[in-house]
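The next block holds one structure in the form of structure tokens; read it before the comments.
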Number of protein chains: 2
Amino acid sequence: MTDSTRASARGAGKRRRLAAAAAAVLHRQGAERTTIADIAAAADVPVGNVYYYFKTKDELVQAALAEHAGNLAELTGELGKLPDPLRRLKALVEAWVAQRDVAARYGCPTGTLAVELDKRAEGGLDLEAGRVIRLLLDWVEHQFRDLGLPDPEDLALTFVGAYQGMSLLANALRDPEIMTRQGARLTRWLDSLDGGGTGARPAP
Amino acid sequence: MTDSTRASARGAGKRRRLAAAAAAVLHRQGAERTTIADIAAAADVPVGNVYYYFKTKDELVQAALAEHAGNLAELTGELGKLPDPLRRLKALVEAWVAQRDVAARYGCPTGTLAVELDKRAEGGLDLEAGRVIRLLLDWVEHQFRDLGLPDPEDLALTFVGAYQGMSLLANALRDPEIMTRQGARLTRWLDSLDGGGTGARPAP
DNA sequence: GTCTATACTAGGATAGAC
DNA sequence: GTCTATCCTAGTATAGAC
């Protein structure tokens with residue numbers, strides 16, 4: 001290994017630390033209230049050095065979104081090991097409910113970022129969070145399709161919409177129990193869809 | 001009428017214009033990206049004069065929230081004229097769907113503000129948006145209670161959560177049709193609750 | 001009560017030494 | 001590849017003339 005590859009390896013390490021720190025800090029403080037210095041401190045990287053890895057703050061936001069997309073891919077990868085699509089969706093609800101305290105305090109990482117970036121048209125990042133949400137929607141839609149249910153796209157919107165809605169309410173009211181109770185409702189809804197046979201159940 | 005009361009009347013007019021402008025501009029640009037100058041321009045009031053009516057930017061945000069609360073009270077007041085609670089809720093869904101283009105572009109005014117204010121702990125406004133959402137929740141819960149359905153509080157959370165979720169998705173994906181389709185689902189859900197008789201329908 | 005000019009600060013970004 | 005010092009802009013808020 002040459003000096004330069006070792007340097008690159010160290011550099012890549014810092015880059016990754018900065019991306020992970022960006023994801024975490026942006027979630028807690030929001031995109032606008034977070035300064036480069038905040039992210040640098042969280043990643044234990046000197047402030048001035050950040051610009052070597054990310055030329056602008058927007059690039060850091062982009063990196064945070066990639067981080068969220070990666071986390072999502074990891075989660076759906078795990079869930080994909082379950083044989084039954086219905087069990088996969090139920091396990092996803094369980095994962096959401098398990099995060100109830102974080103959701104009540106800071107909301108859904110991607111959802112809140114989507115709201116903030118929408119108001120930030122300049123950088124052209126206003127649609128990027130939507131892309132990450134789209135990844136989740138597509139995966140969920142695939143599960144509903146595998147279950148043989150009609151309108152899998154609408155079902156996915158209902159399902160993910162319910163998650164975003166309960167996260168926002170839990171956050172706005174600072175009440176993690178909202179995640180628990182609405183999560184239980186979502187699970188019962190999934191059961192009713194599968195048990196219903198015809199799939200004609202009119203639930204939202 | 002004395003000079004001072006006339007002056008007060010003019011003053012109150014400007015104050016009201018500023019509050020209304022704050023509500024509108026904060027919705028479009030977000031709390032962080034909006035400057036005092038933006039609000040002043042929208043209200044057609046000279047920048048420096050703003051501070052006579054609102055000592056800080058936070059007070060303007062507070063005024064915008066009061067504006068949203070007022071709009072909500074007006075809407076529920078109208079809906080209250082309908083004799084049947086079920087019709088009231090359906091009419092509320094219709095009102096939401098009618099705003100689909102605004103929702104797809106800027107999200108729910110109160111919901112997006114709740115997300116932003118959550119990250120803005122300093123001013124102590126972080127829970128204020130939640131209070132406005134609570135007003136809506138209480139009204140909706142009341143309708144479900146009048147329908148004689150069990151767990152009206154949870155039903156209200158599901159109903160309002162569905163609205164917040166569909167607004168966020170419509171906004172993140174810039175697709176007003178999401179409001180239309182999910183609104184139709186919500187309406188069918190309401191019908192199923194009422195028609196179900198037992199109210200044991202497991203929908204989320 | 002209305003408006004102008006300006007003080008002050010935070011924070012993004014860059015130059016350039018090492 | 002790492003870090004310091006600094007420039008520069010934007011935006012809140014105030015002082016004070018009218």
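As a basis for the values below, the full set of heavy atoms in this structure was taken, side chains included, without hydrogen atoms, waters or symmetry mates.
A salt bridge links A:K81 with A:E78; the closest basic N to acidic carboxylate O contact falls under 4.0 Å. With salt bridges taken as basic N to acidic carboxylate O contacts below 4.0 Å, one links B:D58 and B:R120. Between A:R145 and A:E141 there is a salt bridge, since a side-chain N of the basic residue sits under 4.0 Å from a carboxylate O of the acidic one.
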For this session: Could you run through nucleotides 11-18 of chain C and give me one letter per nucleotide, 5' to 3': B if any protein heavy atom sits under 4.0 Å from the base, S if only the sugar-phosphate is that close, - if neither?
Result: SSBB----
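Test B:T110, B:V115, B:L117 against B:L113 for side chain to side chain contact (heavy atoms under 4.5 Å, CB included) and you get one pass: B:L117.
Counting to the nearest Å, the P atom of D:dT12 and the CG atom of B:L60 are 10 Å from each other. Rounded to a whole Å, the CG atom of A:D44 is 14 Å from the C1' atom of D:dC3. Taking atom OH of residue A:Y52 and atom C1' of nucleotide D:dG1, one finds them 5 Å apart after rounding to whole Å.
A cation-pi arrangement is present between B:R15 and B:F54, with the terminal nitrogen or guanidinium carbon under 6.0 Å from the aromatic centre and inside a 45° cone about the axis.
At least one side-chain nitrogen or oxygen of A:K14 sits closer than 4.0 Å to the OP1 or OP2 atom of D:dT2. Contact annotation: B:Y53 side-chain N/O to C:dT2 OP1/OP2 distance is under 4.0 Å.
Ring centroid separation for the pair B:F159 and B:W96 comes in under the 6.0 Å cut-off.
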